[in-house]
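One structure is given below, encoded as structure tokens.
Here is the naming used below: chain letters follow the sequence lines, and residue numbers restart at 1 for every chain.
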2 protein chains.
Amino acid sequence: MGKVTLQSIADRLGVSRMTVSNAFSRPDQLSADLRRKILDEAAALGYLGPDPSARSLATGTAGTVGLLWTKLLSTALADEMSARFIGAVADELNQAGLALTLLPATTEAAVVPARDVALDGAIIYSCDPQLPAVDLLARRGLPLVYVDADAPAKRPAITIDDYGGAKAAAEHLLALGHRRILVVTTGFGPEPGLVTGPPPAAALRQRVLAQRWAGWMDALQAAGITPQVANQPDPYAPHGLDALLAQADRPSAALCLTDVLAQALIAAASDRGMTVPGDLAVVGFDDHPLAERTRPALTTVRQDVDLKGRAAVRALLAELARRADPSAEAPLSQRLRVSLVVRESTAG
Amino acid sequence: MGKVTLQSIADRLGVSRMTVSNAFSRPDQLSADLRRKILDEAAALGYLGPDPSARSLATGTAGTVGLLWTKLLSTALADEMSARFIGAVADELNQAGLALTLLPATTEAAVVPARDVALDGAIIYSCDPQLPAVDLLARRGLPLVYVDADAPAKRPAITIDDYGGAKAAAEHLLALGHRRILVVTTGFGPEPGLVTGPPPAAALRQRVLAQRWAGWMDALQAAGITPQVANQPDPYAPHGLDALLAQADRPSAALCLTDVLAQALIAAASDRGMTVPGDLAVVGFDDHPLAERTRPALTTVRQDVDLKGRAAVRALLAELARRADPSAEAPLSQRLRVSLVVRESTAG
DNA sequence: GCTACAGACTTTATCGGTAAAGGAGCTGTC
DNA sequence: GACAGCTCCTTTACCGATAAAGTCTGTAGC
């Protein structure tokens, strides 16, 4: 038996293929009677509905939106914070009848899907905008929304107030009287350990890092303080933290790029028999679910990833709407608010 | 300016469209010289490569695989265990050059993507096989792999030894001398609280529940014990646990369907001032990351979700290969091993 | 000098739909 | 009774590619 297509159903019923198509896609275009007959015949033939690829080609819509993430997707999903973001994106898209396609951007080979998978648009999540995969998507002419990154002109970006949050975190430590401050961050290359000077250019292209860095430094410099800076190559696999705490001129407080790093630092301190916040006060960033669980609970800067995800989707949907109707409003970039959450790890 | 297509490039260069297509997809079909010229011209015109939808229609491949999950996707992703599973699936697919599309199966409306998005196959994750969305995918003729569910004939299923794990968990409690045992599970309808009799038919269609239930019951009955059974409508939002612990004939040990439930039970017990395992021994299931963090750390049955995800993808890829070459081997169903991990929550 | 064959393109046929305009028949209206 | 306006279905045109077979040319072998 050949494949069942609209045409084959049409032939059996002696109607035009277009009418069969309408039976599925535009019920108002034919009589209820005929529609029922067509649907019955289709069911009898085991035909479920129009072929997605063909429909996609004809209509120019794919029914799904891409999410590009720089790192290994398993890394993203193993982290509760980003997993929740992705969940929020998925839900919000689903409500609009769209699916979410996870696009890898890691290796050269894995870039392929960014080129070959049919998409209606994409969300670029925390990626260096210069990545080849990002470029691929942009050149495909897809509507793009950037999250936690600076968007090129005319593209909406959903970000949080990384600068303000970091500044507040630093000011919090200063207000508690800390003067010997350690900054723990990624971005200074592959070797862990103390570094000096500003982050390299490549690191500053990561908006999150650049903004948090700026926030810290502005607050600290205003107080006349130069922090120690420790590099952590992989935010998810911190190491060498112990050495930092072994030095003579030990810091009394630490600002960490993320809660994950902060938690690792606390663990390292505890292992050395130091108390937190007594011997070392620690501030994280994100209000990762981890922050509340950590003992002592972590002072951090809260961001709302759920909101972030939904905002990104809404911006994308707005852009989609605008393509359909150019008079519709263009989506705006948004910077979401953050707030300092003081917990035990800096308790006075 | 019109849209740039293969044809428009072909026209400008005076070659056939097919040759341009080959320049992108089959470099060996034309001279390096001409290929370069074509690629240059394409780049100049801002043409990135073949249109995904059109290519998809012509080749019959979509470049992405669907993952169907019954609940809200945000629920799946908020749970570390299932997020990791999804991450493993995504990674393994990426290595094969495929993307992962998250399909919602919740509401009637959200089923649409399961019908309209182009896919090469799908992984059905812990779904009631009678769900409309599953049916949609099956009728589309897609290769399907079932995970944590019983597959229809000829479809591969990746499962774990839920039965054996549950039995081992129950036997562990028996070996510790417990006789008054509480079973905490979902599946008995929307009301939390004590129930009697076996789970309703609808619940038994969920393989995980059915198998774990069977494992527990077989072990308990062999010891001549009839457990109390408490229903929890939503595994992620347990409630009413306190009431169970308030009864006169209080259990001395509990078997929980999942670690999430187990952890909630421990929390409820602690709130009542009961000690675990002293007043109540608790066993979970999954070896959720939670299990190790919980205090006291949770005795549980370990499964390897990473392995499960990768096995599912490999089965799907095998099925895909078999469609291309019918002489290839059909993918086999697999049942992955589990192991009892004894921690503090049942420490003798 | 003729056959065989490889390389480099081109031709023909298909993939399975949808949008928008076109026409036929019926009803109602003044 | 002619014109408008519906409803319902058909026609025409197009979406943007790929697979497989066909054509032509140059060259190697003998």
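In this model, the phosphate group of D:dG16 is not approached by any side-chain N or O of B:Y47 to a distance below 4.0 Å at OP1 or OP2.
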Restricting both atoms to N or O, compile the protein contacts to nucleotides 25-28 of chain D shorter than 3.5 Å, with distance only.
none

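For A:L6, the side-chain atoms get nearest to C:dG17 when compared with the rest of D:dG16, D:dA19, C:dG17. Taking every side-chain heavy atom of B:T59 into account, D:dA19 is the closest of D:dG16, D:dA19, D:dA17.
Contact detail for A:A99 and A:L93: the closest heavy-atom pair is O-CD1, 3.8 Å.
With hydrogens and angles disregarded, a donor-acceptor distance shorter than 3.5 Å links the side chain of B:S82 to the backbone of B:A76.
Ion pairing of B:R55 with B:D51 is absent here, as no side-chain N (NZ or NE/NH1/NH2) approaches a carboxylate O to less than 4.0 Å. Between B:R323 and B:E319 there is a salt bridge, with a side-chain nitrogen of the basic residue lying less than 4.0 Å from a carboxylate oxygen of the acidic one.
Within residues 22-32 of chain B, the residues approaching DNA chain D are B:S25, B:R26, by heavy-atom distance under 4.0 Å. Proximity of residues 10-19 of chain A to DNA chain C (heavy atom under 4.0 angstrom from any strand atom) is restricted to A:R17, A:M18.
Exactly one of B:K308, B:R207, B:Q206 qualifies for a side-chain hydrogen bond (donor to acceptor under 3.5 Å, both in side chains) with B:D148. That residue is B:K308.
B:Q95 CD to B:L317 CG: the interatomic distance, rounded to the nearest 0.5 Å, is 10.0 Å.
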> Hey, mind stepping through A:S16 and A:T19 against side chain to side chain donor-acceptor pair (under 3.5 Å) and telling me if it holds?
Replying inline: CA-CA 5 Å; A:S16 76; A:T19 298; 3.1 Å; yes

